[in-house]
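Below is one structure, written out as structure tokens, with a few remarks after it.
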Amino acid sequence: MPRYAQLVMGPAGSGKSTYCSTMIQHCEALNRSVQVVNLDPAAEYFDYPVMADIRELIEVDDVMEDSSLRFGPNGGLVYCMEYFANNFDWLESCLGHTEDDYILFDCPGQIELYTHLPVMKYLVEQLQQWEFRVCGVFLVDSQFMVESFKFLSGVLAALSAMVSLEIPQCNIMTKMDLLSKKAKKEIEKFLDPDMYSMIEDSSSRLKSTKFKKLTDAICGLIDDYSMVRFLPFDRSDEESINIVLQHIDFSIQYGEDLEFKEPKENEEDKTDNFDDFFQDRSDEP
């Protein structure tokens, strides 16, 4: 039986831990078992139990305090993730070998981990060797995406992670519940964007011909190949949460290998069913 994993990624402050917390609560309501693994060595607080915590292996603060290393926050985090990549046996022992696991991996927010460093790629390959079906979930703060140029920046970050990791990926606009009604209407055009009309709306701001041509080329690439689309995520709306979960489940084929189980009836229900059956038979001519 396969196992399932969401790799929850995105810039710092995009709502990764909040996403994990919301998904746990939603899946508990659906009677689904979901676990979380914290892979952020700089994390300080989360309001849900974790199956494994990378801080038990290594912490950013300890690395920064090591006088022989002399790392700052970003260098320290990269060092922690490279140390983690050399100690995947720790993660394997934490995960165990239970079939049908569904695990959310809460990842760090440093974008270089998904662009030019191979750490997350190594993690994906290792999870696949452990028979995990992995889906990338890239989060972007919707409050950041209300302008065309910022939206393009978010799209390129998502696209970079997608190309680097080579796994199915769902791109999510988080914190929709924090937007005003006016902002929600504005952001609807970014969920399934017409890139060419977006260029026309923003072309007046571009004074450089070179930058305009570059922007045209980027927008053309995104639009022609339909490579990046976003789903809205409103933690206060159960339907919004369910739609996101359904997209992810579909991408990793969750549920296709599950055995169908007949619902259990209690003895009282069985008696009522038999009584109804014999009553119907007695009414027949």
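Side-chain contact between Asn242 and Leu30 is present, with heavy atoms from C-beta onward closer than 4.5 Å. Asp40 places a side-chain heavy atom less than 4.5 Å from the side chain of Pro108. Residues Met176 and Leu179 have side chains in contact (heavy-atom distance under 4.5 Å, counting atoms from C-beta outward). Contact check for Ile54 versus Met81: side-chain heavy atoms found under the 4.5 Å cut-off. Leu57 places a side-chain heavy atom less than 4.5 Å from the side chain of Asn87. Between Gln25 and Ile241 the shortest side-chain heavy-atom distance does not fall below 4.5 Å. Within the 4.5 Å cutoff, the side chain of Arg32 has heavy atoms near those of the Leu245 side chain. Side-chain contact check for Met23 versus Val8: every heavy-atom pair is 4.5 Å or farther apart.
Atom NZ of Lys121 is separated from atom CD1 of Ile167 by 8.0 Å, given to the nearest 0.5 angstrom. Residue Glu188 holds its CD atom at 10.0 Å from NZ of Lys184, rounded to the nearest 0.5 Å. Between Ser240 atom OG and Met173 atom CE the span is 12.5 Å, to the nearest 0.5 Å. Rounding to the nearest 0.5 Å gives a distance of 7.5 Å between CG of Asp106 and CG of Leu39. In this structure, Leu159 CG and Tyr114 OH are separated by 16.0 Å, a value rounded to the nearest 0.5 Å. The NZ atom of Lys16 sits 14.5 Å away from the OG atom of Ser21 when rounded to the nearest 0.5 Å.
Taking the ring pair (Phe, Tyr, Trp, His ring centres under 6.0 Å) definition, one finds that Phe88 meets it with Phe84, sequence neighbours left out. For Phe46, the ring pair (Phe, Tyr, Trp, His ring centres under 6.0 Å) criterion is met by Tyr48, not counting sequence neighbours.
Heavy atoms from other residues, nucleotides or ligands lying under 6.0 Å from OH of Tyr122 number 12 at most. Counting heavy atoms of neighbouring residues, nucleotides and ligands inside a 6.0 Å radius, atom NE2 of His247 does not exceed 12 of them. Within a 6.0 Å radius of CD in Glu131, no more than 12 heavy atoms belonging to other residues, nucleotides or ligands are found.
The two residues Ile187 and Ser142 have their closest heavy-atom pair at CD1-O, 3.1 Å. For Val228 against Met162, the heavy-atom pair with the smallest separation is CG2-CE, 4.3 Å. Heavy-atom minimum distance, Val63 versus Ile58: CG2-CD1, 3.8 Å. Minimum interatomic distance between Ser14 and Gly10 (heavy atoms only, all atoms of both residues): OG-C, 3.7 Å. The nearest pair of heavy atoms linking Asp101 to Met51 is OD2-CE, 4.5 Å. Minimum interatomic distance between Ala85 and Val119 (heavy atoms only, all atoms of both residues): CB-CG1, 4.3 Å.
Applying the side chain to side chain donor-acceptor pair (under 3.5 Å) rule to pairs touching residues 74-83 yields Asn74-Gln110, sequence neighbours excluded.
Neither Phe250 nor Leu7 shares a network with the other; the hydrophobic side chains, linked directly or stepwise wherever heavy atoms of I, L, V, M, F, W or Y lie under 4.5 Å apart, form separate groups for each. Under the 4.5 Å side-chain heavy-atom criterion for grouping Ile, Leu, Val, Met, Phe, Trp and Tyr, Phe144 is connected to Phe151 within one hydrophobic cluster. Hydrophobic clustering (side-chain heavy atoms under 4.5 Å, transitive across Ile, Leu, Val, Met, Phe, Trp, Tyr) groups Trp130 together with Ile103. Under the 4.5 Å side-chain heavy-atom criterion for Ile, Leu, Val, Met, Phe, Trp and Tyr, Val155 and Leu214 are members of the same hydrophobic cluster. No continuous path of hydrophobic side-chain contacts links Ile243 to Val137 [ILVMFWY only; heavy atoms under 4.5 Å].
The pair Lys175-Asp141 meets the salt-bridge criterion, with a side-chain N (NZ, NE, NH1 or NH2) lying under 4.0 Å from an Asp/Glu carboxylate O.
The only option from Tyr4, Tyr102, Tyr254 that meets the side chain to side chain donor-acceptor pair (under 3.5 Å) definition with Asp249 turns out to be Tyr102. Screening Val34, Asn38, Val37 for a side chain to side chain contact (heavy atoms under 4.5 Å, CB included) with Leu104, the sole residue that qualifies is Val34.
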_side-chain contact (heavy atoms from CB on, under 4.5 Å) for Ser164 and Thr115? Distances and angles first, verdict last._
CA-CA 6 Å; Ser164 174; Thr115 53; over 6 Å; no

*Test Gln35 against Ser33 for side-chain contact (heavy atoms from CB on, under 4.5 Å), laying out the working first.*
CA-CA 7 Å; Gln35 304 286 340; Ser33 176; 4.1 Å; yes

*List the steps, then state whether side-chain contact (heavy atoms from CB on, under 4.5 Å) holds for His26 with Val244.*
CA-CA 11 Å; His26 182 74; Val244 169; over 6 Å; no

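Side chain of Thr22 to backbone of Thr18: a donor-acceptor contact under 3.5 angstrom is found.
Ring planes of Phe105 and Phe132: perpendicular class, angle over 60° (limits at 30 and 60°).
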